[in-house]
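Working notes, beginning with the structure itself.
In this chain, residues are counted from 1 in sequence order.
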Amino acid sequence: MKNVKLGLVFLAVWTLSCRGQVTPPAPCGPLPSENQLRWHDMEMYAFLHYSLNTYTDQEWGFGNESPNLFNPSRLDCRQWARVCKQAGMKGIIFTAKHHCGFCMWPSDYTEYSVKNAPWKEGKGDVVKELAEACREEGLKFAVYLSPWDRNYADYGRPEYVTYFRNQLRELLTHYGDIFEVWFDGANGGDGWYGGANETRRIDAKTYYGWKETFSMIRQLQPNCLIWNDGGDRGDLRWVGTEAGNVGETNWSLLNHEGTVDYNMLHYGLENGDSWVAAETNTSIRPGWFFHDTENESVKSLPKLMDTYYKSVGRNSNLLLNFPINRDGRIHPIDSLRGVAFNQMIHEVFKTDLARKAKVSATQVRGGSKRYAARNVADGKADTYWATDDGVTTASLTLQFAKPTSFNRFQAEEYIALGQRVKKFSLEAYMDGRWIPLKDELVEDGDGLTTIGHRRIICFPTVTATKLRFTILDAKASPLISKVGVYLAPELHAKIVDSAEKHASSYNILFDGDRVMYVTFAQEKTVTAFRYLPPQDSSEGTVTRYRISASTDWNHWETLGEGEFSNIVNNPIWQTVRCQSTRATVIKVEALRLARGDRMAFSDVEVVE
């Protein structure tokens with residue numbers, strides 16, 4: 001009987017071969033894992049930053065802040081989950097522990113946590129409440145655990161790594177399924193460190209023993225992805241900026257070993273040996289934590305749409321931060337803007353004009369219906385158009401029943417078999433000729449390079465009878481699973497964030513390379529000083545400062561001394577507040593620079 005079955009199998013294979021069965025395309029290069037494929041489909045999810053920093057009005061806590069500060073009056077994790085879901089987010093990543101070391105769950109391994117805060121008389125657990133709220137709303141849940149801990153006395157010593165893994169184990173075993181673990185790249189520097197008040201340096205690539213740490217994560221949470229900006233290569237990568245954009249060319253590939261620079265992070269590596277997709281992280285406000293002064297600086301709807309096109313529309317997922325305010329809720333301005341953002345996305349993409357167009361191709365793999373041109377507009381994720389092996393240049397033409405207006409084009413590759421397309425072109429048939437289209441969100445060139453999981457091209461509205469999409473170069477036969485055409489409200493390429501304010505003019509003098517004087521014609525009552533770092537480079541960016549005021553240039557009163565946290569990655573306005581002080585001159589001393597020897601700035605502002 002066994003031999004009869006084998007004979008039938010061989011007969012079936014021989015019969016299909018004789019009939020010219022078309023061979024499926026072979027995989028091309030590194031492939032995404034099942035976990036990574038699920039992650040790509042998430043598209044957008046939320047970051048929630050909340051800690052003692054919320055109550056000290058700073059971005060990075062020093063580690064000596066009192067747990068007594070944490071006593072929100074209206075903390076509501078279900079409100080967070082509802083807002084994020086209504087904003088189109090598929091999940092939430094929560095800052096379980098930021099650099100200050102304060103744990104938002106009652107960790108067994110430290111006293112520096114919510115168990116010693118007044119909130120709920122020390123019986124609260126923010127991580128648990130949020131994990132449960134996410135499950136109720138159908139959202140995925142993930143955690144941010146800072147490798148750097150400015151509170152812990154043993155940070156920088158081997159004992160801390162054990163502590164760090166113990167905390168990670170708590171988060172991965174007590175709160176259900178975790179879709180991602182997020183490890184910040186900020187590692188080592190000055191801190192409280194149990195009262196030592198000193199600077200400690202570590203090698204982020206070796207200190208944490210990432211190989212063993214990753215192994216533990218994969219054992220405890222097999223479906224979890226690892227985002228790591230500080231050590232061994234994880235499953236996902238940073239894009240080199242927190243401005244909310246990734247490169248118009250974006251390969252989901254890096255090399256497993258070796259150092260990476262900005263270009264590799266921002267654009268990926270065409271010939272990388274591992275699938276390490278890009279995650280674009282940015283905040284709906286200028287800062288990551290909540291600050292009342294930023295209530296008028298929440299990103300506008302056009303700015304959010306610009307961010308969407310430059311992240312999700314460039315083969316990346318968008319991780320959008322919603323800071324939690326001092327009451328323990330997402331601020332109404334942020335929530336309304338997030339909901340409007342989601343509504344606008346649906347408005348733009350609700351009608352796919354390609355679904356009713358006639359689709360043809362210059363070449364189809366083996367002439368088979370299985371790989372036909374029409375597959376790109378059938379609404380199915382598991383079908384695709386393909387060409388014969390060795391055919392890396394081919395076109396799809398969409399013919400509309402009548403002249404049709406559109407200004408957005410979307411393409412998706414079948415990435416389960418690899419990322420392939422290196423360059424493509426778009427043309428609209430108008431007035432009897434083909435007119436080239438380019439991505440208006442790209443300053444140099446046409447921007448029509450990689451595709452990956454999703455590529456969205458924005459251009460001024462055209463009215464045409466046909467649209468031609470041509471693959472100009474690919475690593476192997478292109479596999480296109482979707483093509484979409486849409487008519488959306490116009491979006492200008494140049495969008496200025498509402499946070500980008502410019503100060504009125506002052507007389508500015510320098511004393512050497514690291515001391516700047518801001519002088520006024522008349523004496524003023526000063527309540528704050530604001531500094532905007534250079535925007536095109538970190539050269540001269542002040543990371544640690546001392547600011548003083550005087551009315552006579554002889555007697556100086558210190559207004560503030562400290563650090564501008566995360567200023568290199570997020571070069572936004574920095575505000576140093578003080579008690580009302582009379583002054584005719586402000587002295588700004590650069591105690592430390594990110595790079596170079598001479599302090600620099602884009603703008604400064606004195607608040608009266």
Side-chain angles (χ1 to χ4, degrees), residues 46-62 65 69 72 80 83-84 87 92-95 97-100 102 104 144 146 148 150 182 184-186 229 238 241-245 280-300 303-304 307 318-335 337-338 341 496-503 528-535 538 541-545 560 562-577 594 601-605 607:
F47 228 168
L48 297 183
H49 274 64
Y50 188 38
S51 185
L52 295 180
N53 298 351
T54 307
Y55 302 96
T56 58
D57 204 25
Q58 56 190 358
E59 287 287 294
W60 285 3
F62 194 65
E65 297 80 14
L69 292 169
W80 308 354
V83 168
C84 291
I92 291 175
I93 299 180
F94 180 60
T95 52
K97 184 188 80 170
H98 205 255
H99 310 324
C100 69
F102 184 74
M104 302 295 281
Y144 165 119
S146 171
W148 185 21
R150 302 174 94 176
W182 217 91
D184 202 304
D229 183 36
W238 185 43
T241 178
E242 295 174 357
N245 64 84
T280 303
N281 62 311
T282 193
S283 182
I284 200 166
R285 289 170 174 248
W288 290 96
F289 285 90
F290 181 84
H291 309 287
D292 275 322
T293 55
E294 295 179 353
N295 287 343
E296 302 302 320
S297 301
V298 177
K299 284 183 171 63
S300 64
K303 179 63 178 178
L304 287 171
T307 298
L318 174 59
L319 176 57
L320 181 63
N321 181 62
F322 293 84
I324 306 302
N325 69 16
R326 293 182 181 88
D327 288 343
R329 302 170 71 88
I330 295 177
H331 194 280
I333 297 176
D334 304 43
S335 62
R337 198 64 49 82
F341 175 41
V496 178
D497 193 347
S498 59
E500 296 175 4
K501 303 173 182 177
H502 296 280
F529 177 82
R530 307 184 73 219
Y531 167 76
L532 183 65
Q535 299 295 290
S538 61
T541 294
V542 178
T543 59
R544 192 162 188 85
Y545 64 86
E563 66 178 0
F564 292 135
S565 304
N566 202 31
I567 192 173
V568 173
N569 294 329
N570 195 22
I572 61 174
W573 278 101
Q574 308 290 319
T575 302
V576 180
R577 296 178 182 79
F601 65 95
S602 291
D603 205 349
V604 295
E605 185 179 61
V607 181

Minimum-distance pair of heavy atoms, taken over all atoms of [X] and [Y]:
X	Y	answer
Cys84	Ile92	SG-CD1, 3.8 Å
Ala594	Val568	CB-CG2, 3.6 Å
Phe289	Asn53	CE1-ND2, 3.3 Å
Val83	Ser335	CG1-CB, 3.6 Å
Thr280	Gly244	CG2-C, 3.5 Å
Phe601	Val604	CD1-CG1, 4.0 Å

Donor-acceptor pair, [X] side chain versus [Y] backbone, under 3.5 Å?
X	Y	value
Arg530	Val607	no
Ser300	Lys303	yes
Asp184	Ala186	yes
Asn570	Pro286	yes
Arg285	Pro323	no
Ser51	Lys97	no
His331	Ile333	yes

Heavy-atom side-chain proximity of [X] to [Y] below 4.5 angstrom:
X	Y	answer
Tyr55	Pro72	yes
Trp148	Trp60	yes
Phe341	Leu320	yes

Plane angle bin for Trp80 and Tyr50 - parallel if under 30°, tilted between 30 and 60°, otherwise perpendicular: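 Correct class here is perpendicular.
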
Salt bridge check: are Arg326 and Asp57 linked by an N-O gap of less than 4.0 Å?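 A salt bridge links Arg326 with Asp57.
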
Intermediate values then yes/no, side chain to side chain contact (heavy atoms under 4.5 Å, CB included), Thr282 and Leu318: CA-CA 8 Å; Thr282 193; Leu318 174 59; 4.2 Å; yes

Would you give the length of the straight line joining atom [atom1] of [X] to atom [atom2] of [Y], rounded to the nearest 0.5 angstrom?
X	Y	atom1	atom2	value
Ile93	Leu48	CD1	CG	9.5 Å
Ile572	Gln535	CD1	CD	9.5 Å
Phe322	Arg337	CZ	CZ	11.0 Å
Asp327	Thr54	CG	OG1	11.5 Å
Phe102	Ser146	CZ	OG	14.5 Å
Phe47	Thr95	CZ	OG1	7.5 Å

Using the side chain to side chain contact (heavy atoms under 4.5 Å, CB included) rule, take Trp182 and Asn281 through it: C-alpha gap first, then chi angles, then the decisive distance, then the call. CA-CA 11 Å; Trp182 217 91; Asn281 62 311; 3.9 Å; yes

Pick out which of Glu59, Glu242, His49 makes a side-chain hydrogen bond (donor to acceptor under 3.5 Å, both in side chains) with Trp288.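 In the set Glu59, Glu242, His49, the residue that makes a side-chain hydrogen bond (donor to acceptor under 3.5 Å, both in side chains) with Trp288 is Glu242.
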
Provide the full list of salt bridge (Lys or Arg N to Asp or Glu O under 4.0 Å) pairs with a residue in residues 562-576, sequence neighbours left out, each pair given once.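 Of all non-adjacent pairs touching residues 562-576, those that pass salt bridge (Lys or Arg N to Asp or Glu O under 4.0 Å) are Arg150-Glu563.
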
Suppose we screen for ring-ring contact (aromatic ring centres under 6.0 Å, His included). Which residues come up paired with Tyr531, at least two apart in sequence or across chains?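 Residues passing ring-ring contact (aromatic ring centres under 6.0 Å, His included) with Tyr531: Phe564.
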
The criterion is ring-ring contact (aromatic ring centres under 6.0 Å, His included); which residues satisfy it with Phe62, sequence neighbours excluded?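 In terms of ring-ring contact (aromatic ring centres under 6.0 Å, His included), with neighbours along the sequence ignored, Phe62 is linked to no residue.
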
Full working for side chain to side chain contact (heavy atoms under 4.5 Å, CB included) between Ile330 and Ile324: CA-CA 5 Å; Ile330 295 177; Ile324 306 302; 3.6 Å; yes

Report the C-alpha distance between Val542 and Gln574 in whole Å, list the side-chain angles of each, state the deciding distance to 0.1 Å, and finish with yes or no for side chain to side chain contact (heavy atoms under 4.5 Å, CB included). CA-CA 10 Å; Val542 178; Gln574 308 290 319; over 6 Å; no

